[in-house]
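Start at 1 and go down the list; that is how both ligands and their atoms are numbered.
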Amino acid sequence: MRLSKYFLPTLKENPADAQIASHRLMLRAGMIRQAASGIYSWLPMGFKVLRKLENIVHEEQIRAGHNPMLMPTLQSADLWRESGRYDDYGKEMLRITDRHGRDMLYGPTNEELITDIFRDSVQSHKDLPLTLYHIQWKFRDEVRPRFGVMRGREFFMKDGYNFDVDKPSAMHAYNRHLVSYLRTYERMGLKAIPMRADSGPIGGDDTHEFLVLADTGESEVFYDKNILDLHLGDRKIDYDDWDQCAGIMKEWTTPYARTDETHDEAKFNEIPEERRMSSRGIEVGQIFYFGTKYSDAMNAKVVNSDNKEVPVHMGSHGIGVSRLIGAIIEASHDDNGIIWPEAVTPFGVGIVNLKQGDDDTDGACEALYKSATALGLDPLYDDRKERAGAKFASMDLIGLPWRITVGPRGLKNGVVELTNRKSGESEEMTAELALEKLAKVYAGI
Ligand code: ATP
Ligand code: MG
């Protein structure tokens, strides 16, 4: 993409109403624009990152054996009356009446709708286990929408639902989700720690929240420092292997990690003092096992292997896809702007032409832009007639992990400058070598 043709309305000044770095930087980098309180338009660069996160979530869900689908944003109130949640949910639910006077709602979550789909189509344990999920806009009329996409009213969420014949197989689904979520966050370049949580209005016995550590997080968290050393890395995972998934679950849930809702001071104090950590965290996902809560209320049954009708065991699992962008930026930025992890960066490399209009630098940049595109590096070429300082400031603000700077002085010696956004380190080398190096970096992603 050429910057001269791209819609990237960056702001020089800090927007007054943005209190935290990610909100400020998303507005300044021209990623989002507020449409109404807690509701945002996603401008091209914000949309590009959102799609990248969505793709990673899809890939990891499909890898775990889950079925992608799409349910509507608007739902009929009738199903929610069946589960009893139409009255329980309170003012967070946006209720709408259609022209025929029928009660509708903008879905805050989808347990009822999916249970209805399930009970109409599945009757036998032979069709289980089954996990269905979608990635769709949700609406929750939050009392205090704030921090940009972090606590919006309309937000993009992956929500999945598992159906199993009994508790042991539903617990495997729980463990499988935990593992697939760990992988998802790791791929995004994030450390998200599963913490035992409180089940809230969804109800149920087992639940873990995934938290990204950040000073601006809304939750207070307490954890054993050792948990920070755990990585899935490139270990091979067989999502049908109950023992492997349970083993990983145990590995991650043995070190103490809880939010303030479930914090147990006495247990926490059993950890050696130097490992006792407390800080703030951002909730980027949650998994639940809630047994037969919805299947009992909505009569969703299957015939088991003993030929007996039993209520199906369920769990639900969510990832805050739009909130994740805020969380990634909170975890990775500096005073000059965003620092994207390579896996989610909107563009692989920025090309800065220091002397736009000069035949030599223009020619070299065009050639570089073509080669980088051919290599799949998805370059963003700053071809505007701007001062070098302004071009560098824009690149730092939008935070592409790599920048190639092309100027007349370097070209005389046959070199360009390759700069890493995170370390700030620059190296001079031929354009070919710079591209080769970047191709290697992105090959592993
Ligand atoms: P919170 O405690 O932050 O209000 P929640 O526990 O009510 O969130 P869940 O029902 O667990 O939310 O939804 C799954 C995920 O969706 C959350 O982990 C979070 O990442 C994201 N999410 C929830 N509410 C919002 C919101 N208002 N804006 C953006 N993302 C949200
Ligand atoms: Mg939650």
Side-chain angles (χ1 to χ4, degrees), residues 20 22-23 26 32 34-40 42 46 50 53-54 56-57 61 73 85 88-94 106-112 114 133-161 174 177-178 180-182 184-185 188 190 192-204 206-214 216-221 258-262 280-290 293-294 314-331:
I20 62 171
S22 57
H23 187 194
M26 286 182 80
I32 51 167
Q34 184 170 311
S37 168
I39 304 178
Y40 291 87
W42 291 79
L50 189 67
L53 295 186
E54 184 186 8
I56 292 176
V57 173
Q61 285 303 299
T73 51
R85 279 209 297 180
D88 290 354
Y89 219 96
K91 286 195 168 165
E92 264 194 21
M93 185 190 274
L94 179 65
Y106 195 122
T109 173
N110 282 50
E111 281 80 5
E112 286 77 0
I114 200 80
Y133 80 92
H134 72 162
I135 305 180
Q136 176 62 294
W137 294 96
K138 304 289 184 293
F139 194 94
R140 294 182 189 171
D141 205 351
E142 302 273 356
V143 194
R144 257 197 319 148
R146 56 185 185 151
F147 302 159
V149 300
M150 204 77 96
R151 183 164 297 285
R153 293 197 295 165
E154 189 183 47
F155 59 97
F156 203 42
M157 176 171 137
K158 171 262 164 181
D159 45 323
Y161 307 86
Y174 188 86
H177 275 88
L178 182 124
S180 71
Y181 278 27
L182 289 174
T184 304
Y185 300 125
M188 292 172 180
L190 267 183
I193 306 173
M195 302 198 179
R196 181 155 287 286
D198 205 32
S199 64
I202 295 203
D206 282 285
T207 177
H208 280 88
E209 286 175 349
F210 292 78
L211 285 111
V212 170
L213 302 177
T216 46
E218 290 182 297
S219 316
E220 198 179 358
V221 300
R258 296 195 184 189
T259 64
D260 50 354
E261 287 169 355
T262 53
R280 314 286 306 174
I282 302 167
E283 182 194 329
V284 292
Q286 187 162 13
I287 54 176
F288 295 91
Y289 164 70
F290 46 68
K293 177 179 153 96
Y294 293 90
M314 291 174 62
S316 71
H317 317 275
I319 294 182
V321 181
S322 48
R323 177 181 288 182
L324 268 168
I325 300 188
I328 290 171
I329 297 175
E330 287 300 322

request  = Taking the six-membered ring for Trp and the full ring for Phe, Tyr or His, determine whether the centres of Tyr181 and Phe210 are under 6.0 Å apart.
outcome  = yes
inquiry  = If we only consider heavy atoms of Glu218, is any one of them less than 4.0 Å away from an atom in ligand 1?
reply    = no
request  = Using a strict cut-off of less than 4.0 Å between a Lys/Arg side-chain nitrogen and an Asp/Glu carboxylate oxygen, indicate whether Arg280 and Glu330 qualify as a salt bridge.
outcome  = no
query = Val284 near ligand 1, heavy-atom distance under 4.0 Å?
reply = yes
key: Which atom of Phe156 lies closest to which atom of Ser322, heavy atoms considered   = N-OG, 2.9 Å
key: Atom pair CD1 (Ile329) and CD1 (Ile20), whose distance is rounded to the nearest 0.5 Å   = 9.5 Å
Ligand 1 contact on Val149 by region, counting heavy-atom pairs under 4.0 Å = backbone
ask   = Would you say ligand 1 has an N or O under 3.5 Å from any N or O of Gly152?
value = yes
ask   = What's the shortest heavy-atom distance between Ser22 and Met150, and which atoms?
value = OG-CE, 3.7 Å
message = For the aromatic rings, using the six-membered ring if either is Trp, is the centroid distance between Tyr161 and Tyr133 under 6.0 Å?
response = no
key: Close approach, Ser322 and ligand 1, non-hydrogen under 4.0 angstrom   = no
ask   = Do any nitrogen or oxygen atoms of Glu142 lie less than 3.5 angstrom from nitrogen or oxygen atoms of ligand 1?
value = yes
inquiry  = My understanding is that we take every heavy atom of each candidate and find the minimum distance to atom 21 (C) of ligand 1. Doing that for Ala327, Gly38, Gly320, which one comes out nearest?
reply    = Gly320
ask   = Looking at the Mg ion (ligand 2), is one of the N, O or S atoms of Glu283 less than 2.8 Å from it?
value = yes
inquiry  = Heavy atoms only: which of Arg140, His317, Glu92 lies closest to atom 12 (O) of ligand 1?
reply    = Arg140
Phe155 N/O under 3.5 Å from ligand 1 N/O = no
ask   = Considering only heavy atoms of Gly285, which atoms of ligand 1 have at least one such atom less than 4.0 Å away?
value = 18 (O), 20 (O)
note = For Pro145 and Ser37, the nearest pair of non-hydrogen atoms, with its separation, is CG-OG, 3.3 Å
task = Please check if any side-chain donor atom of Thr207 sits under 3.5 Å from a side-chain acceptor atom of Glu209, or the reverse.
result = no
ask   = If you measure from atom 4 (O) of ligand 1 to every heavy atom of Gln286, Glu283, Arg151, Lys138, which option wins on shortest distance?
value = Arg151
